[in-house]
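These values consider heavy atoms only, across backbone and side chains, with no hydrogens, waters or symmetry-generated copies. Chain letters run A, B, ... following the sequence lines, proteins first, then strands; residues in each count from 1.
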Amino acid sequence: MSCRPLERAFYIRPTAEVARALLGKILVHGAAQARIVETEAYLGLADAAAHAYGGRTPRTEVLFGPPGHAYVYLIYGIYECLNIVAEPEGQAGCVLIRAVEPVKGIESMRRRRPGIDRLERLANGPGKLTLAMGITRRHNGADLTRGPLAVCGGCDPTFEIGVSRRIGITKNPDALLRFYIAGSPFVSR
DNA sequence: CAATAGATCATCT
DNA sequence: GATGATCTATTGC
């Protein structure tokens, strides 16, 4: 299983395409490794559900920056969500990582999520995977093509990709921008 | 199993 | 001052 980070060019594409392509890839943070099984695409100015919808602000600055970087923000005052910036620099767009399947460093993940017994529930949600992987706002703006936090190519077995509406949003809810590995028990509900 | 409550704060109006 | 890309625990059937 190769573990070389995906290069920048991978992310310089339409956001929805990147969201699909990220399925099956490996998210790496130090010793922890996990397979991406669920993503959502958030477009720029054309998508009312996206943070970038309102244009450039101090917070959304990263979204308009170079692709392949992390956008991490606090949601509901408690949890943090990991996104990966897509599209060419200057154009907003990002992919929310919604669920991952623990692959390596599972003991360290369990330690960060006390009380969770079932492996499938360790990281099957946006807030859960950041906890399990030890990702925080410190990583906001981090370059994922190099460094301790990165996305690597997996061995890409074939799988079916499911498509649906996005979860937990109230604006622009009908867009089919959620992608997941069909049948995976690690997908959120 | 389904529905609901509560936790808690950075960001923007 | 309101809002939100969530999660867990608890209640009720």
- Item | Nucleotide-resolved protein contact map, nucleotides 8-13 of chain B, B/S/- at heavy-atom distance under 4.0 Å | BBSSS-
Enumerate, atom names and distances included, each donor-acceptor pair closer than 3.5 Å involving a side-chain atom of residues 98-105 of chain A, sequence neighbours excluded.
unit_1	atom_1	unit_2	atom_2	d
A:Arg98	NE	A:Glu38	OE2	2.9
A:Arg98	NH2	A:Ser188	OG	3.4
A:Glu101	OE1	A:Arg35	NH1	3.0

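Distance check on atom C1': C:dT8 versus B:dA10 gives 22 Å, rounded to whole Å.
Across all non-hydrogen atoms, the minimal contact from A:Pro67 to A:Ile12 is CG-CG1, 3.7 Å. The shortest non-hydrogen separation linking A:Leu82 to A:Thr130 is N-CG2, 3.8 Å.
Of the side-chain N and O atoms in A:Arg189, none sit less than 4.0 angstrom from OP1 or OP2 of C:dC7. Dashed line: the shortest gap from a side-chain N or O of A:Lys171 to OP1 or OP2 of C:dA5 is not under 4.0 Å.
Using modelled atom types, no side-chain atom of A:Glu40 and backbone atom of A:Leu96 make a donor-acceptor pair closer than 3.5 Å. Using a distance-only test at 3.5 Å, with no hydrogens or angles considered, a donor-acceptor pair links the side chain of A:Thr39 to the main chain of A:Ala19.
A straight line from OH of A:Tyr71 to P of C:dA5 spans 10 Å, rounded to a whole angstrom. Here C:dA9 presents its C1' atom at 14 Å from CZ of A:Arg113, a figure rounded to the nearest Å. A:Ile84 has its CD1 atom 15 Å from the C1' atom of C:dA5, to the nearest Å. Between the CZ atom of A:Arg165 and the P atom of C:dA5 there is a distance of 16 Å, given to the nearest Å. As rounded to whole Å, 18 Å separates atom P of C:dA5 from atom CG of A:Leu176. What separates CD1 of A:Ile135 from P of C:dT6 is a distance of 16 Å, to the nearest Å. What separates CG of A:Leu129 from P of C:dT6 is a distance of 12 Å, to the nearest Å. One can place CG of A:Leu82 at 13 Å from P of C:dC7, the figure rounded to the nearest angstrom.
Side chains of A:Thr136 and A:Glu80: no donor on one and acceptor on the other come within 3.5 Å.
For A:Arg56, the CZ atom sits in a packed shell: over 12 heavy atoms of surrounding residues, nucleotides or ligands are nearer than 6.0 Å. Around atom CZ of A:Phe64, more than 12 heavy atoms belonging to other residues, nucleotides or ligands sit under 6.0 Å away.
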- Secondary-structure string, 5' to 3', Watson-Crick or G-U under 3.5 Å, | for another-strand partners, for DNA chain C: ||||.|||||||.
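In this structure, A:Arg121 reaches neither bases nor backbone, as no heavy-atom distance under 4.0 Å exists between it and the strands shown.
Under the 4.5 Å side-chain heavy-atom criterion for ILVMFWY residues, a single connected hydrophobic cluster contains both A:Val18 and A:Val163.
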